[in-house]
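Just so it is clear, the structure is predicted and the values come from calculations on it, not from any experiment.
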Amino acid sequence: VMLWYWTIRGVMYQKCISWEPRLTLKAYESALKTAYFCRRTASKGLYSMFRKLDSDKDVTYAFCLSSADFFIISRNDDLKIEKYGLSLVEKSTLYTPVFTIPRGWNLAMEEAFNNLLNSKFEKELLPRIVYDDLCWESVDWSIFEAMRGNIRKKFYPVARSIGSDPKTVKSHFYGRVLPSCVVLNYFFPKGYSSYQQAFLNVTTNYEKSFVDALTCLPCTTYIYVLEKSLVLGLFHDSIELLLSTIEKMEEKAIIDDYLLYCPLAYSR
């Protein structure tokens, strides 16, 4: 059974159907992140600008978007974006993200989008909770940094890398680190490269049921919760189908406003 499991898992990773699960911190007062929508002011060096952002220790995550826009996540709530050659368009607290578990993985994309469109929608916003101080010890932060990119890492090598012991790593991981985080599991049934990614900034009064409806799609959708809108990393195989679905949701008054981008480059 174990051999079968590791074989299937290896094939899924090899074909980019899935990746190692990652950790993302929930929104805590002492570790709150800020999202920045920015626009490029310099006339040259778009990719160099992205590389500069991606290598900056103050930047947690960066998207280089179409129309020369950028979406930046940082733990610094006063990031001096001008030093990157950018101007600020919008700034927001970033709340606990949501990552969908796809229910439509075995459906054609058109059928999946049709199911999304025909979902039951009710007016309700997502909660925007900021938890109290984490009160983590230095060992908790070390474990988080060591395991955030892959929560299946063995405790022994993690313990060795941070100068601790496996029993301590195991107890702190399960007792303090994991409960403070959201786990991101990736799923792309035809393989990651088979899909296009859309970057959507959506304003809706139906946030909770809209996010629930996104589980109708075949792939994992990333939802970043801002103060007044939702930012989606949504995977599809037809921009026409996506645009048609969005337009129908506008006609139903589910979506009030949106901005659609194509991500050109983003942090890994």
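Of the possible polar contacts, none joining the T100 side chain to the P102 backbone as a donor-acceptor pair under 3.5 Å is found. The backbone N or O of N114 sits less than 3.5 Å from a side-chain atom of N118, completing a donor-acceptor pair. With hydrogens and angles ignored, the 3.5 Å screen pairs a side-chain donor or acceptor of T41 with a backbone N or O of G85. At least one donor-acceptor pair closer than 3.5 Å links the side chain of S267 to the backbone N or O of A62. Between the side chain of T34 and the main chain of S92, no donor-acceptor pair closer than 3.5 Å is present.
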Step by step, would you call I129 with T96 a side chain to side chain contact (heavy atoms under 4.5 Å, CB included)?
CA-CA 8 Å; I129 300 170; T96 301; over 6 Å; no
Between E90 and K228, is a salt bridge (charged side-chain N to carboxylate O under 4.0 Å, His left out) present by the stated rule, with each step listed?
CA-CA 11 Å; E90 183 184 348; K228 297 179 181 178; over 6 Å; no
Would you check, one step at a time, whether the test salt bridge (charged side-chain N to carboxylate O under 4.0 Å, His left out) holds for R152 with E20?
CA-CA 7 Å; R152 292 200 177 107; E20 298 285 5; 3.7 Å; yes
After noting the C-alpha distance and the side-chain angles of L260 and L242, does the key distance pass the side chain to side chain contact (heavy atoms under 4.5 Å, CB included) rule?
CA-CA 10 Å; L260 173 62; L242 175 60; 4.3 Å; yes
When you look at F71 and F199, which way does the ring-ring contact (aromatic ring centres under 6.0 Å, His included) test go after all the steps?
CA-CA 10 Å; F71 180 70; F199 188 95; 5.3 Å; yes
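Judged by distance alone, the side chains of S229 and N201 do bring a donor and an acceptor atom under 3.5 Å apart. Between the side chains of Y61 and D54, no donor-acceptor pair of N or O atoms lies under 3.5 Å. Checked by atom type, the side-chain pair S209/E122 shows no donor-acceptor distance below 3.5 Å. Counted by atom type alone, S30 and D133 present one or more donor-acceptor pairs between their side chains at under 3.5 Å.
The local environment of CG in D132 is sparse, with at most 12 non-hydrogen atoms from other residues, nucleotides or ligands closer than 6.0 Å. Within 6.0 Å of NZ on K190 lie no more than 12 heavy atoms contributed by other residues, nucleotides or ligands. Environment of NZ in K167: sparse, with no more than 12 heavy atoms of neighbouring residues, nucleotides or ligands closer than 6.0 Å. Atom NZ of K26 has more than 12 neighbouring heavy atoms from other residues, nucleotides or ligands inside a 6.0 Å radius.
Atom CG of D56 is separated from atom OG of S74 by 8.0 Å, given to the nearest 0.5 angstrom. Between the CG atom in L53 and the CD1 atom in I72 there is a gap of 4.5 Å [rounded to 0.5 Å]. From H172, atom NE2 reaches atom OG of S164 across 7.5 Å, with rounding to the nearest 0.5 Å. Atom OG1 of T168 and atom CZ of F155 lie 11.5 Å apart (nearest 0.5 Å). Here the SG atom belonging to C38 is positioned 5.5 Å from the CG atom belonging to L88, to the nearest 0.5 angstrom. If you take CG on L86 and CZ on R39, they are separated by 11.0 Å, rounding to the nearest 0.5 Å.
Each of L126, L226, V130 was compared with Y95 under the side-chain contact (heavy atoms from CB on, under 4.5 Å) criterion, and only V130 meets it. When the options D69, L65, L46 are evaluated for a side-chain contact (heavy atoms from CB on, under 4.5 Å) with R40, the one that passes is L46.
L184 and I143 are members of different hydrophobic clusters when ILVMFWY side chains are connected at heavy-atom separations under 4.5 Å. One hydrophobic cluster, built from ILVMFWY side chains closer than 4.5 Å, cannot hold both Y266 and V59; they sit in different ones. Linking Ile, Leu, Val, Met, Phe, Trp and Tyr residues whenever their side-chain heavy atoms come within less than 4.5 Å leaves Y186 and I151 in two separate clusters. Hydrophobic clustering places W141 together with I162 (ILVMFWY residues linked when any side-chain heavy atoms are closer than 4.5 Å, directly or through intermediates). Y261 and M49 fall into different hydrophobic clusters, defined by Ile, Leu, Val, Met, Phe, Trp and Tyr side-chain heavy atoms under 4.5 Å apart, directly or through other members.
Ion pairing of E207 with K123 is absent here, as no side-chain N (NZ or NE/NH1/NH2) approaches a carboxylate O to less than 4.0 Å.
Here the closest heavy-atom approach between residue P179 and residue F173 is recorded as CD-O, 4.0 Å. In terms of heavy-atom proximity, K91 sits nearest to D77 at NZ-O, 2.5 Å. Between N76 and L79, the shortest heavy-atom distance links the atoms OD1-N, 3.6 Å. Considering every non-hydrogen atom in both C181 and V177, the closest pair reads SG-O, 3.3 Å. Residues H236 and Q197 approach most closely at NE2-C, 4.3 Å, considering heavy atoms. Contact record, M147 with K153: CE-O, 3.7 Å, taken as the closest heavy-atom pair.
P97 is listed as a side-chain neighbour of F99, based on a closest heavy-atom distance under 4.5 Å. Looking only at side-chain heavy atoms (C-beta outward), K52 and Y84 come within less than 4.5 Å of each other. Taking 4.5 Å as the limit, every side-chain heavy atom of S142 sits out of range of all side-chain heavy atoms of E145. In this structure, Y47 and C64 have side chains that are not in contact, with every pair of non-hydrogen atoms separated by 4.5 Å or more. Side-chain contact between V231 and F37 is present, with heavy atoms from C-beta onward closer than 4.5 Å. Within the 4.5 Å cutoff, side-chain heavy atoms of V183 are placed close to those of L178. Side-chain contact check for L232 versus Y224: every heavy-atom pair is 4.5 Å or farther apart. D165 is not listed as a side-chain neighbour of K170, based on a closest heavy-atom distance of 4.5 Å or more.
In terms of the side chain to side chain contact (heavy atoms under 4.5 Å, CB included) criterion, residue partners of K33 (sequence neighbours excluded) are, by chain and number, L25, T60, I73, R75, L94. Residues satisfying the ring pair (Phe, Tyr, Trp, His ring centres under 6.0 Å) test with F144, not counting sequence neighbours, are W136. Partners of Y131 by ring pair (Phe, Tyr, Trp, His ring centres under 6.0 Å), not counting sequence neighbours, listed by chain and number: Y28. By the ring pair (Phe, Tyr, Trp, His ring centres under 6.0 Å) test, F235 pairs with F188, Y192, Y222, sequence neighbours left out.
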Please list every donor-acceptor pair under 3.5 Å in which a side-chain atom of residues 243-256 meets a protein atom from a residue at least two apart or in another chain.
| residue | atom | partner | partner atom | Å |
| --- | --- | --- | --- | --- |
| T245 | OG1 | L241 | O | 2.8 |
| K252 | NZ | L117 | O | 3.2 |

Donor-acceptor pairs under 3.5 angstrom involving side-chain atoms of residues 210-221: please list them, not counting sequence neighbours.
| residue | atom | partner | partner atom | Å |
| --- | --- | --- | --- | --- |
| T215 | OG1 | R103 | NE | 3.1 |
| T215 | OG1 | R103 | NH2 | 3.0 |
| T215 | OG1 | D212 | O | 2.6 |
| T220 | OG1 | N185 | O | 3.3 |
| T220 | OG1 | F187 | N | 3.0 |

